[in-house]
*Asks:* 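The structure's right below; bear with me while I get my questions together.
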Amino acid sequence: RTVYVNGDYLPEDEAKVSIFDRAFLMADGVYEVTSVLGGKLIDFAGHARRLERSLNELDIKKPAVFGDLLEIHRELVKVNGIEDGLVYLQITRGAPGDRDFVFPDPETTEPTVVLFTQNKPGLADSPAAKVGMKVISIEDVRWGRRDIKTVQLLYPSMGKMMAKKAGADDAWMVQDGHVTEGTSNNAYIITGNTIVTRALSNDILHGITRAAVLRFAKEAQMQVEERNFTIDEAKKADEAFITSASSFVMPVVEIDGVALGDGTPGARTARLREIYLDESRKAAI
Ligand code: PMP
């Protein structure tokens, strides 16, 4: 696979980043994952906007190459022959010559920019979409700025392992009794014709897929309520689902061992997934 590091396209085993890189030592970096369907990027503009916001919130200098990111994404998709898959992008505060809690001078330390592709044939035909996912609930103990897409992913990773150990597929995190989001996705329940999902704040990542799905839901005459909900309310819902750039819209059929409805993916969720995939494919670049 060919990857991109700081201006160079290289074979993956020749790509190098300093051991003093702030992301390696302090998780001082941000990332984006953009999906590729039919060789085209889904919602690149949304990911680029959120990336810029993440950099701003952390005072990481915008790399000189920022304006070329679309071209770099496209080049990697092309050279790696990606039909369906993902492009991972990471920008860090860079690698000063030593370890120090104080931010390095942005005049002398350039951000590190890394991109690579992941080939996922049939990404949109995942069998999980037909079977649905089981989730468990866990306490949300992450930091208070989850709206910034940092590479600080240890707790989400631990959450996924807790889910696996419990025989489930993912975990929904709970803060003060209310669901925040999944370990790598936004969380929703549906009751009747109403979709409920937590409102945007510093408590959750502002999902690019979330924004699109809520827009399409309104167009499909579904009601949307952006408010808190509990695990108890979720267990009684008709349907539940998650969204993310890599899973699109994915049904949830079980929460903490309690099946939703008849335990199979809901019709409204299936419809939302269909609309999302159709519209996203049409708008892909
Ligand atoms: N929440 C969290 C914690 C995530 O890690 C992700 C995916 N990176 C999402 C939500 C979904 O965001 P998006 O739809 O932009 O992929």
Side-chain angles (χ1 to χ4, degrees), residues 27 29-37 41-55 57 69 73 85-91 115-116 118 120 123-124 126 128-129 133 135 137-163 169-175 178-189 195 197-217 224 226 228-229 240-250 252 269 272-273 275-277 279-280 283-284:
V30 299
Y31 75 109
E32 286 294 332
V33 177
T34 303
S35 59
V36 178
L37 290 178
L41 298 158
I42 304 297
D43 217 336
F44 175 83
H47 289 283
R49 266 196 305 276
R50 184 172 62 190
L51 176 65
E52 190 167 14
R53 178 178 181 277
S54 294
L55 292 171
E57 292 297 311
L69 288 177
H73 276 69
L86 307 170
V87 181
Y88 177 88
L89 154 74
Q90 180 171 329
I91 299 179
L115 288 93
F116 57 80
Q118 291 182 286
K120 308 259 181 199
L123 182 63
S126 145
M133 297 170 47
V135 302
S137 60
I138 62 173
E139 195 62 29
D140 196 340
V141 303
R142 297 173 300 162
W143 78 325
R145 288 305 305 274
R146 304 159 192 158
D147 57 311
I148 309 173
K149 197 164 169 61
T150 73
V151 295
Q152 209 182 178
L153 297 175
L154 182 54
Y155 187 68
S157 181
M158 289 169 73
K160 200 89 71 170
M161 294 311 293
M162 289 182 237
D169 305 296
D170 199 12
W172 277 10
M173 295 180 282
V174 175
Q175 168 176 288
H178 296 112
V179 174
T180 52
E181 58 189 333
T183 61
S184 60
N185 45 69
N186 291 112
Y188 310 74
I189 56 175
I195 300 173
T197 194
R198 193 178 178 103
L200 295 181
S201 71
N202 292 353
D203 295 337
I204 62 169
L205 188 74
H206 302 189
I208 302 305
T209 319
R210 178 188 184 280
V213 166
L214 293 189
R215 202 168 60 238
F216 299 145
V224 174
E226 294 180 69
N228 283 355
F229 64 91
F241 64 97
I242 56 140
T243 64
S244 75
S246 54
S247 67
F248 314 116
V249 175
M250 196 62 83
V252 168
T269 299
L272 284 170
R273 180 179 171 89
I275 296 172
Y276 175 78
L277 284 170
E279 296 295 327
S280 300

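Indexing begins at 1, ligand by ligand and atom by atom, following the structure's order.
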*Asks:* Do any nitrogen or oxygen atoms of Ile208 come within less than 3.5 Å of a nitrogen or oxygen of ligand 1?
*Replies:*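 Yes, there is a polar N/O contact under 3.5 Å.
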
*Asks:* For a salt bridge (charged side-chain N to carboxylate O under 4.0 Å, His left out) check, start with the C-alpha distance between Arg50 and Glu32, then their side-chain angles and the critical distance, and finish with the verdict.
*Replies:* CA-CA 8 Å; Arg50 184 172 62 190; Glu32 286 294 332; 2.7 Å; yes

*Asks:* Decide whether an N or O pair under 3.5 Å exists between Ser244 and ligand 1.
*Replies:*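 No: no nitrogen or oxygen of Ser244 is under 3.5 Å from one in ligand 1.
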
*Asks:* What distance do Arg273 atom CZ and Phe241 atom CZ have between them, rounded to the nearest 0.5 Å?
*Replies:*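 Answer for the CZ-CZ pair, Arg273 versus Phe241, is 12.0 Å.
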
*Asks:* Tell me whether ligand 1 is touched by Lys149 - counting only heavy atoms on the residue side and a distance under 4.0 Å.
*Replies:*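 Yes, Lys149 has heavy atoms under 4.0 Å from ligand 1.
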
*Asks:* In terms of atom number and element, which parts of ligand 1 are under 4.0 angstrom from non-hydrogen atoms of Asn186?
*Replies:*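 Checking each atom against Asn186, I get 10 (C), 11 (C).
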
*Asks:* Nearest heavy atom to atom 7 (C) of ligand 1 wins, so pick from Ala211, Ser184, Gly159.
*Replies:*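 Result: the heavy atom closest to atom 7 (C) of ligand 1 is in Ser184.
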
*Asks:* If hydrogens are left out, which of Met173, Glu181, Arg50, Arg210 has an atom nearest to atom 15 (O) of ligand 1, that is, the closest non-hydrogen atom?
*Replies:*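 Answer by nearest heavy atom: Arg50.
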
*Asks:* Heavy-atom distances under 4.0 Å decide this one: backbone, side chain, both or neither, for Thr183 against ligand 1?
*Replies:*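 The answer is the backbone of Thr183.
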
*Asks:* Please state whether the rings of Phe116 and Tyr88 are parallel, tilted or perpendicular, taking 30° and 60° as the class boundaries.
*Replies:*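 Parallel.
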
*Asks:* With atoms numbered from 1 as shown, which atoms in ligand 1 lie under 4.0 angstrom from a non-hydrogen atom of Gly207?
*Replies:*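 Near Gly207, the atoms of ligand 1 are 12 (O), 13 (P), 14 (O), 15 (O).
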
*Asks:* Under 3.5 Å, N or O to N or O, is Gly182 touching ligand 1 that way?
*Replies:*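 No; every N/O pair is 3.5 Å or more apart.
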
*Asks:* Answer yes or no: are there more than 12 heavy-atom neighbours, outside Met162 itself, under 6.0 Å from its atom CE?
*Replies:*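 Correct, the count exceeds 12.
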
*Asks:* Give the atoms of ligand 1, by number and element, whose distance to some non-hydrogen atom of Ala245 is under 4.0 Å.
*Replies:*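 Going through ligand 1 atom by atom, the ones under 4.0 Å from Ala245 are 13 (P), 14 (O), 16 (O).
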
*Asks:* Taking a cutoff of less than 4.0 Å between a non-hydrogen atom of the residue and any ligand atom, is Asn185 in contact with ligand 1?
*Replies:*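 It does, in that a heavy atom of Asn185 comes within the 4.0 Å cut-off of ligand 1.
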
*Asks:* For Arg49, is the CZ atom crowded, meaning more than 12 foreign heavy atoms sit under 6.0 Å from it?
*Replies:*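 No, the 6.0 Å shell around CZ holds no more than 12 heavy atoms from other groups.
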
*Asks:* Could you identify the single nearest non-hydrogen protein atom to atom 14 (O) of ligand 1 and state the distance to 0.1 Å?
*Replies:*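 Protein heavy atom at minimum distance: Thr209 OG1, 2.6 Å.
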
*Asks:* Could you check whether Ser184 and Lys160, counting side-chain N and O atoms only, form a donor-acceptor pair closer than 3.5 Å?
*Replies:*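 Ser184 and Lys160 do have a side-chain donor-acceptor pair below 3.5 Å.
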
*Asks:* For Thr243, is there any backbone N or O sitting under 3.5 Å from a side-chain donor or acceptor partner on Thr209?
*Replies:*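 Checked: no pair found.
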
*Asks:* Would you check, one step at a time, whether the test side chain to side chain contact (heavy atoms under 4.5 Å, CB included) holds for Gln175 with Arg146?
*Replies:* CA-CA 13 Å; Gln175 168 176 288; Arg146 304 159 192 158; 2.8 Å; yes

*Asks:* Counting both backbone and side chain atoms, is some N or O of Arg142 under 3.5 Å from an N or O of ligand 1?
*Replies:*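 The answer is no, given that Arg142 and ligand 1 share no N or O pair closer than 3.5 Å.
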
*Asks:* Any side-chain heavy-atom pair from Leu272 and Tyr188 closer than 4.5 angstrom?
*Replies:*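 No - every pair of side-chain heavy atoms lies 4.5 Å or more apart.
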
